[in-house]
Amino acid sequence: MTLPAPSVILVVQPTSPRVPGTPDAGAEYREMQRSITPAQYSHALTLESLQAAQARDLPDRLIRGAPAVVHFSARGTPGGGLRFLTGDGGEAPISDQGLCKLLTEFVAEGLRLVVLSACWTSELAHLLAETVPCVIGTGGPITDRGCLDYSRTLYSALAHGRSVGKAHSIAVGAAEMYGADVDCLPELRTAPGVYAEALFLVGAEYRTPPTRTINKPRGSGLSWRLRKKQLPGGPGGRP
């Protein structure tokens, strides 16, 4: 059986090292890579990165082929808008509504999950979930350590064949166990009619165990029969 192409996870890294307090997007990518590589179904997933991304880089990449997941390793703003690099090396927020319209165009082509690994992205997640099957965002500020812990566990669970809903629950529990602020943990939202527990990144073709062929032992070609044990004295006789 020919397996389908692996699901692509696109990590968008629109951060500038020149801006104080910028999250280490490279560290998050490395944590994701480490969690996926040894997983049971790592061959079913492909991890890609869009580094030092400006706003115009995102539609250019999506047009070449829609990924199953778009993960933004970015900075948010309290008033809304993920921050992308600008031509002068700084950062500026982009339009939430514009981003929603852009990503919606790729849902029919296979986009299933958007992860907003940035502060103050709950409202953006709410807007995206009107059309994108599953969206993960954060209502308040979240530390870099919290993002790393959550992302590492989330993608490990997904790469081991868990559903999006189950993987999110596991990742939230792990992040809280490691000491993350319970009021700022990532939240999962779904589009109308979507059940996160039934949505998988690892396709059923990868998760279905191979069919085993039972080989019967080969005989010597002789016919075997059950024989009654004869009593002493011959058939039907007495001693």
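No hydrogens, no waters, no symmetry mates; every other heavy atom, side chains included, goes into these values. Position 1 is the first residue of the sequence; numbering continues from there.
- No option in E31, H71, Q33, R34 other than H71 meets the side-chain hydrogen bond (donor to acceptor under 3.5 Å, both in side chains) test with Y155.
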Derivation of the salt bridge (Lys or Arg N to Asp or Glu O under 4.0 Å) call for D149 and R145 = CA-CA 6 Å; D149 292 337; R145 185 73 258 167; 3.3 Å; yes
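- There is no path of hydrophobic side-chain contacts, each under 4.5 Å, that joins I136 to I142.
- C134 and V194 get closest at one heavy-atom pair: SG-CG1, 4.3 Å.
- Residues A53 and V12 come closest through the heavy atom pair CB-CG1, 4.1 Å.
- Here the shortest heavy-atom pairing between S95 and G98 reads OG-N, 3.0 Å.
- To the nearest 0.5 angstrom, L116 atom CG is 10.5 Å from R189 atom CZ.
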Evaluate side chain to side chain contact (heavy atoms under 4.5 Å, CB included) for L58 paired with L99, printing each intermediate quantity in order.
-> CA-CA 10 Å; L58 181 58; L99 180 61; 3.8 Å; yes
Starting from the C-alpha separation in whole Å, work towards a yes-or-no answer on side chain to side chain contact (heavy atoms under 4.5 Å, CB included) for L158 and Y41.
-> CA-CA 9 Å; L158 289 171; Y41 301 111; over 6 Å; no
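- Within the 4.5 Å cutoff, side-chain heavy atoms of P4 are placed close to those of Y206.
- A donor-acceptor distance shorter than 3.5 angstrom exists from the side chain of R207 to the backbone of V202, with no hydrogens or angles considered.
- Remark: the backbone N or O of T138 is paired with a side-chain donor or acceptor of T121 at under 3.5 angstrom.
- A single hydrophobic cluster is seen to contain both F106 and F84, as judged by linkage of ILVMFWY side chains at heavy-atom distances under 4.5 Å, directly or through other members.
- Summarising the geometry of W120 relative to T77, their closest heavy-atom pair is CB-O, 3.5 Å, with the distance given to 0.1 Å.
- Between the OH atom of Y150 and the CD1 atom of I170 there is a distance of 11.0 Å, given to the nearest 0.5 Å.
- Taking the side-chain hydrogen bond (donor to acceptor under 3.5 Å, both in side chains) definition, one finds that T37 meets it with nothing, sequence neighbours left out.
- Side-chain contact between T131 and C100 is absent, with no heavy atoms from C-beta onward closer than 4.5 Å.
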Could you go step by step and tell me if L113 and L199 meet the side chain to side chain contact (heavy atoms under 4.5 Å, CB included) rule?
-> CA-CA 9 Å; L113 171 64; L199 188 63; 5.7 Å; no
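- One hydrophobic cluster, built from ILVMFWY side chains closer than 4.5 Å, holds both L128 and L50.
- Note that CD1 of I9 and OH of Y29 are 9.5 Å apart. Values are rounded to the nearest 0.5 Å.
- Neither M177 nor L154 shares a network with the other; the hydrophobic side chains, linked directly or stepwise wherever heavy atoms of I, L, V, M, F, W or Y lie under 4.5 Å apart, form separate groups for each.
- One N or O on the side chain of H160 and one on the backbone of S156 form a donor-acceptor pair closer than 3.5 Å.
- Across all their heavy atoms, G165 and L188 have their closest contact at CA-CD2, 4.0 Å.
- S7 places a side-chain N or O within 3.5 Å of a backbone atom of L201 that can act as its donor or acceptor partner.
- T104 contributes atom OG1, which lies 8.5 Å from atom CG of L111 (distance to the nearest 0.5 angstrom).
- Under the 3.5 Å distance criterion, with hydrogens and angles disregarded, a donor-acceptor pair is assigned to the side chains of E197 and S163.
- Rounding to the nearest 0.5 angstrom, the gap separating the CG atom in L148 from the CZ atom in R30 is 9.0 Å.
- The minimum heavy-atom distance linking M32 with V11 is given by the pair CE-CG2, 3.5 Å.
- If you take CZ on R56 and CG on L85, they are separated by 10.5 Å, rounding to the nearest 0.5 Å.
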Could you go through the side chain to side chain contact (heavy atoms under 4.5 Å, CB included) check for L45 and V69 one step at a time?
-> CA-CA 10 Å; L45 304 174; V69 181; over 6 Å; no
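- Summarising the local packing, CZ of R162 is surrounded by 12 or fewer heavy atoms from other residues, nucleotides or ligands at distances under 6.0 Å.
- Residues L127 and L82 do not share a hydrophobic cluster, clusters being chains of Ile/Leu/Val/Met/Phe/Trp/Tyr side chains in contact below 4.5 Å.
- Between L62 and V70, the closest side-chain pair of non-hydrogen atoms falls below 4.5 Å.
- Side-chain contact between S117 and E28: present, with at least one pair of heavy atoms (C-beta onward) separated by less than 4.5 Å.
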